[in-house]
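Quantities reported herein were computed from a predicted structural model and do not represent experimental measurements. Quick note: numbers below take in every heavy atom, side chains included, and nothing from hydrogens, waters or symmetry partners. Labels below follow one simple rule: chain letters A, B, ... track the order of the sequence lines, proteins then strands, and each chain is numbered from 1.
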Number of protein chains: 2
Amino acid sequence: MALPAASKPQPDDAKPMRADTERTVRAILEAAERVLSVDPAATMEQIAEAAGVARTTVHRRFASRDALVRALAAWATRRFHEAVEAARPETAPPAVALYQVTVNVLRVKIAWGFAMDALPVDAPEVARVHAEVLARCERLFVRVRDAGLLPPDADLNWVRRVYYALMHEAATHAPETDAALDALATRVVDTLLYGVGTRGTA
Amino acid sequence: MALPAASKPQPDDAKPMRADTERTVRAILEAAERVLSVDPAATMEQIAEAAGVARTTVHRRFASRDALVRALAAWATRRFHEAVEAARPETAPPAVALYQVTVNVLRVKIAWGFAMDALPVDAPEVARVHAEVLARCERLFVRVRDAGLLPPDADLNWVRRVYYALMHEAATHAPETDAALDALATRVVDTLLYGVGTRGTA
DNA sequence: AGGACTTGCGACATGAGAGTTGCATGTTCT
DNA sequence: AGAACATGCAACTCTCATGTCGCAAGTCCT
């Protein structure tokens, strides 16, 4: 799958990490996502075990439990941002952009769902990016509306909330293949626009 | 508002509680919902404070933190069940039942949202009721489909998931008046059936 | 190869929250 | 009114997660 060279887990990347360390940090973040999504009150020990490292190592990489949680939120937020940007929501044709954003975000949400929305966003860094993404999303829906896919008087705020809710729901059942992911995204967009009722759903 | 004589917070109601006690228990459950929805890891002390009682009193009513959480889940589940039943989903006309269930559940979800879906359901009592409600919900959607509101080949599982997701989202912004609640329920049902796209949204 | 860095392990300090008890003061119920 | 029961308060025990350290063994980089 070749991730796009994700970079900093901690605020400042003064020195480039040793390959060694980077792997460990990643393992810990992934373990934290997995473990915390099951039990948000899980201990450092449980996270360490899931990551396959000693508890002290976790503490070496993340000063405190809180720091780990914040790093996890920051990490997921970054990926979220990348997912949205990669869809070129400001320039691609509205319908295409909407679909593309859906696929990309779904992919991230499946892997980092817990960190993305069950985590407090008191970190300024995270809040800023969230606001940025929110703005992108709002502008995208304006474009979608202007393209005639939404009625001129649509409540864009409600549209966005419904969109988020559908994403959230869709992300709970991870598809196996890329084809299934596409199908899922299609379903989300379709449902958003036309609902599940008796209409031309295809 | 006159709650419908809600009964047992703890598994067995051998002796009727003293009016005194009942108030305290209720205050604690309500406080727990409020406090835990903000911070699921909140302490007994915080819950006690929010309930306006001493920490020891909480322990007197609920043997352990776990017992409190389970009681909270059981309580919310009971109210959930009542909300669905009160809409007579098996006998009322499908469209009416769907709307009525939506209003009723929305009301409960606004007050007990955390306990309803952010809580582990390992208690058999809770799981049983959840399953029961799920079955009711599935049968309701069959009726809704047979009434022609859903296409004959609709994926009822997806329909239900979307419905839940919309409820969840709608319940995050508590309306002030009953009229606003009706409007919200209408919006949920409308969105479920017709989406937010360009169509006859009435 | 060799210095720099990382990790696992065991041991320890600390603090916070859960859970308990006894007693004096209120509140309910009949 | 009076028995029965609930509450607040203060003090205490205990468990457990967090956070630290030093050291020996392993891994990375050039």
Between protein and nucleotides 28-30 of chain D, what N or O pairs are separated by less than 3.5 Å?
unit_1 : atom_1 : unit_2  : atom_2 : d
D:dC28 : OP1    : A:Arg23 : NH2    : 2.8
D:dC28 : O4'    : A:Arg18 : NH2    : 3.2
D:dC29 : OP1    : A:Ala19 : N      : 3.0

Letter by letter from the 5' end, nucleotides 10-23 of chain D scores (B base, S sugar-phosphate only, - none; protein heavy atoms under 4.0 Å) B------SBBBB--
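- For C:dG8, one of the phosphate oxygens OP1 or OP2 lies less than 4.0 angstrom from a side-chain nitrogen or oxygen of A:Thr57.
- Taking the ring centre of B:Phe141 as origin, the terminal cationic atom of B:Arg139 falls outside the region bounded by 6.0 Å and 45° from the ring axis.
- A salt bridge between B:Arg70 and B:Asp122 is absent, with no side-chain N of the basic residue lying under 4.0 Å from a carboxylate O of the acidic one.
- Here the closest heavy-atom approach between residue B:Ala73 and residue B:Leu119 is recorded as CB-CD2, 3.8 Å.
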Chi angles and distances behind the side-chain contact (heavy atoms from CB on, under 4.5 Å) call for A:Val84, A:Asn104: CA-CA 7 Å; A:Val84 173; A:Asn104 293 358; over 6 Å; no
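- The pair A:Arg136-A:Glu132 does not meet the salt-bridge criterion, since no charged nitrogen lies less than 4.0 angstrom from a carboxylate oxygen.
- Checked by atom type and distance alone, the side chain of A:Thr21 never pairs as donor or acceptor with a backbone atom of A:Met17 at under 3.5 Å.
- Residue pairs meeting the salt bridge (Lys or Arg N to Asp or Glu O under 4.0 Å) criterion with at least one member in residues 103-112 of chain B, sequence neighbours excluded, are B:Arg107-B:Asp178, B:Lys109-B:Asp117.
- Here the P atom of nucleotide D:dA6 and the CD1 atom of B:Ile28 are 12 Å apart, to the nearest Å.
- A salt bridge links B:Glu30 with B:Arg26: at least one charged nitrogen is closer than 4.0 Å to a carboxylate oxygen.
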